[in-house]
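The next block holds one structure in the form of structure tokens; read it before the comments.
Naming convention: chains lettered A, B, ... in sequence-line order (proteins, then strands); numbering from 1 in each chain. Please read all numbers here as calculations on a predicted model, not as lab measurements.
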2 protein chains.
Amino acid sequence: MVSDSSRRPTIYDVAEHAGVSKSLVSLVLRGSPNVSAKRRAAVEAAIDELGYTPSTAAARLAGARSQRLEVVIDDYRNLWFVDLLEGIRQVTDELGYHVGVVDMHTGAHSALNDVIASGVEGVVVAAELPEALAEQVSVQAVVAGNRASRPPGADLVANDDDAGMTALMDHLFELGHRRIGHITATGGSAGRRRAAFEAAMRRAGLTPLSVGVDAETGADKGFVGANELLDAHPELTAIVAENDTMALGAFMAARQRGLSVPGDLSLAGYDDSPLAGPKVMDLTTVDGRGTELGRQAGLALLDRIANPDRPAETILLPPELVVRSSTAPPRLD
Amino acid sequence: MVSDSSRRPTIYDVAEHAGVSKSLVSLVLRGSPNVSAKRRAAVEAAIDELGYTPSTAAARLAGARSQRLEVVIDDYRNLWFVDLLEGIRQVTDELGYHVGVVDMHTGAHSALNDVIASGVEGVVVAAELPEALAEQVSVQAVVAGNRASRPPGADLVANDDDAGMTALMDHLFELGHRRIGHITATGGSAGRRRAAFEAAMRRAGLTPLSVGVDAETGADKGFVGANELLDAHPELTAIVAENDTMALGAFMAARQRGLSVPGDLSLAGYDDSPLAGPKVMDLTTVDGRGTELGRQAGLALLDRIANPDRPAETILLPPELVVRSSTAPPRLD
DNA sequence: CGCTCCAAGTGGAGCGCTCCACTACCATAG
DNA sequence: CTATGGTAGTGGAGCGCTCCACTTGGAGCG
């Protein structure tokens, strides 16, 4: 903790201080077993006496691995990635990896390229990458969630949106709903959920009804979507939103129109986010099992780093329907 | 875009390809004016013919600046930082800085230390750092928001929580509210807001009433807090939450108890987050002006990097009261 | 007792850049 | 015609590590 000179201490300073060679210091740093306890102690003492921290730049140049992974997301506002991140860290923390998050903000230059150039060992892609960008990803990659495009050779780990939406629709059908609207958005996952919604409706002999056209999935979009649906089709008895956040908007729209949930209108979301919890909306939703998905994605990425030539795999996780109080049988009239 | 050999191309490969010296390539890379148009073009052609990307590790070792800043946050779930980030980027993007986000997740080793060691030029601290950690911050720093601790020499840029809460309380008093509860949390900002709440109540000759004891500020905490308040004090006519997210929980608690907002209970938050918007809760709140705060923080950090010995400054931004439909005069009874 | 073998430790080369001192050349001024 | 200066371009040193080939000193064994 001494700030002797102006210059930041190097491995040579530590070596001199401890009376050993720089190579031995390097061995201690990297936890080599072939170091006697005595020398190791001396080196460690020197390290914190000088307040030494290794230069990661020098280490990287000399060939050390960066031990860094990044999760690529679209937007921090979509909290879907938080559970994913937790799952990834569950499997990478103990190996000493640092896992960061980069968003694809539309700045002058692509943040993703910066990050890849800066030497991460791999990325978990939890964003909709433009095709051109996806092709440029030159590090190990695994895609998390259903996406439109996919870096070459990347694994895919996703929840089975088809199965989840189908289970949710079965639940609504069983309650007796027939006039069901869907608030959707664009993107890989949204597209699949929408397709599953429409397929389920058709199978039941009903006409699917969807609104929503852009990529945004904020609560305000859900509000607008719900109003649009209810203005055009006041006879609806249930609304399914692309995700829980949009369901919150729909919830508020219903309230403003004086419709009680689930009395007048049943409401369902997707993701089982904190918003859907019993202490908030108490929303019927589908648990995409983000943490587990993160674990699988983390394991796949680690495996891919260890074994770069392994062919790409696809892992589909079965999601789980979570029934709460926002859905009930439709009012008889 | 050619992948000639196995090895990644270096500056020497580019130089040879373009028929110039490696130094000239370096000059082109760094945008030096002392390069003829002809050579510049030749180098640029060679660069994308070879698909060359400079090694940031080597550049850093050789003394180049990293052009990276990091925003340090507590938790991705608290979206307060999103506007802040946008503001920061407004002033740093054009200078070519890459601005990332690190969360203080409680992993084995501190993510913050990793990040600092990896060579960022500065950090915006938008988190409650443990005192010991704050002291170790060895890069330029500015603190955003009111915090318990502060790295040595760091500037402080914050919204004036005192003024914001006071304005909000004046609004409630003017509407006629006297029995007002507060849902709070721990931490720098929460502490100040709470103090301002209690001071305002006392000035009005009233007894302040606050619940909430830990650092968590999720919607579920707001739900629990509101129920606690209303169980003990059913006579309350208004509840003020530490932030909009907690206000959402309180909103849901009111709904569950059959209390209409604002008919039976007025509700206010803080932050003016998307949740508070007219298409969601339509919540009376205080705009902390996060984007502007980010701009100021970004400017302060850039200035501090250019001029490291400048004494620390404090910038307090006046927040703005946003009145929406969640507050109204109390029911007469 | 001489041999091998392994554990512990060393020094040198080199990773791919940036920076600096320097040169070559041309234009302009005295 | 020489000094002056600025613009365009070069080569070498060195940033702080890791990796590798190597040395040294004992322990184990026939």
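- Looking at B/R40 and B/S36, their side chains never bring a donor and an acceptor atom within 3.5 Å of each other.
- Taking atom CZ of residue A/R40 and atom P of nucleotide C/dA7, one finds them 15 Å apart after rounding to whole Å.
- In this structure, the CG atom of A/N34 is 14 Å from the C1' atom of C/dT10, given to the nearest Å.
- Side-chain proximity of A/S55 to C/dG11, D/dC17, C/dC17: nearest is D/dC17.
- Look at NZ on B/K22: it is 11 Å from C1' on D/dG9, rounded to the nearest Å.
- If A/T10 and A/R30 are placed on DNA chain D by their nearest nucleotide, the residue sitting closer to the 5' end is A/T10.
- Listed nucleotides C/dC19, D/dT18, D/dG14 differ in distance to A/A62; the shortest reach to its side chain belongs to D/dT18.
- Taking atom CD of B/E16 as the reference point, atom P of D/dG11 lies 13 Å away to the nearest angstrom.
- Out of C/dC17, D/dG16, C/dG9, the shortest distance to the side chain of A/R39 is found at C/dG9.
- For the pair A/R8 CZ and D/dC15 P, the interatomic distance rounds to 14 Å; values are reported in whole Å.
- Between C/dG9, C/dG11, D/dC17, one nucleotide has an atom nearer to the side chain of A/V35 than all others, and that is C/dG9.
- The CG-P distance, from A/L24 to D/dC19, rounds to 15 Å in whole Å.
- Under the 4.0 Å criterion applied to side-chain N and carboxylate O atoms, B/D103 and A/R89 are assigned as salt-bridge partners.
- Within a 6.0 Å radius of CD in A/E16, other residues, nucleotides and ligands contribute 12 heavy atoms or fewer.
- Under 3.5 Å, the side chain of B/S23 and the base of D/dG9 form no donor-acceptor pair of N or O atoms.
- Between B/S21 and the phosphate of D/dG11, there is no side-chain N or O to OP1/OP2 separation shorter than 4.0 Å.
- For B/R77 and A/Y76, the side-chain atoms include no donor-acceptor pair closer than 3.5 Å.
- A donor and an acceptor atom, one from each side chain of B/S55 and B/R60, are nowhere located under 3.5 Å apart.
- Side-chain proximity of B/L61 to the nucleotides C/dG11, D/dT10, C/dG16 is greatest for C/dG16.
- Side-chain proximity of B/A64 to the nucleotides C/dT10, D/dG11, C/dT18 is greatest for C/dT18.
- Rounded to an integer number of Å, the gap from CG of B/L27 to C1' of D/dA8 is 9 Å.
- Listed candidates were D/dC17, D/dT10, C/dT18. Nearest to the side chain of B/I11 is C/dT18.
- The interatomic distance linking A/R60 (CZ) with C/dG16 (P) rounds to 11 Å, in whole Å.
- Closest to the side chain of A/S36, out of C/dG9, C/dC17, C/dG12, is C/dG9.
- Across all strands shown, D/dG30 pairs with C/dC1; the Watson-Crick or G-U wobble distances both stay below 3.5 Å.
- The CG atom of A/L69 lies 6.5 Å from the CG atom of A/L302; values are rounded to the nearest 0.5 Å.
- For B/A59, counting side-chain heavy atoms from C-beta on, the closest listed nucleotide (C/dG11, C/dC19, C/dC17) is C/dC17.
- Between C/dT18, D/dC17, C/dC17, one nucleotide has an atom nearer to the side chain of B/Y12 than all others, and that is C/dC17.
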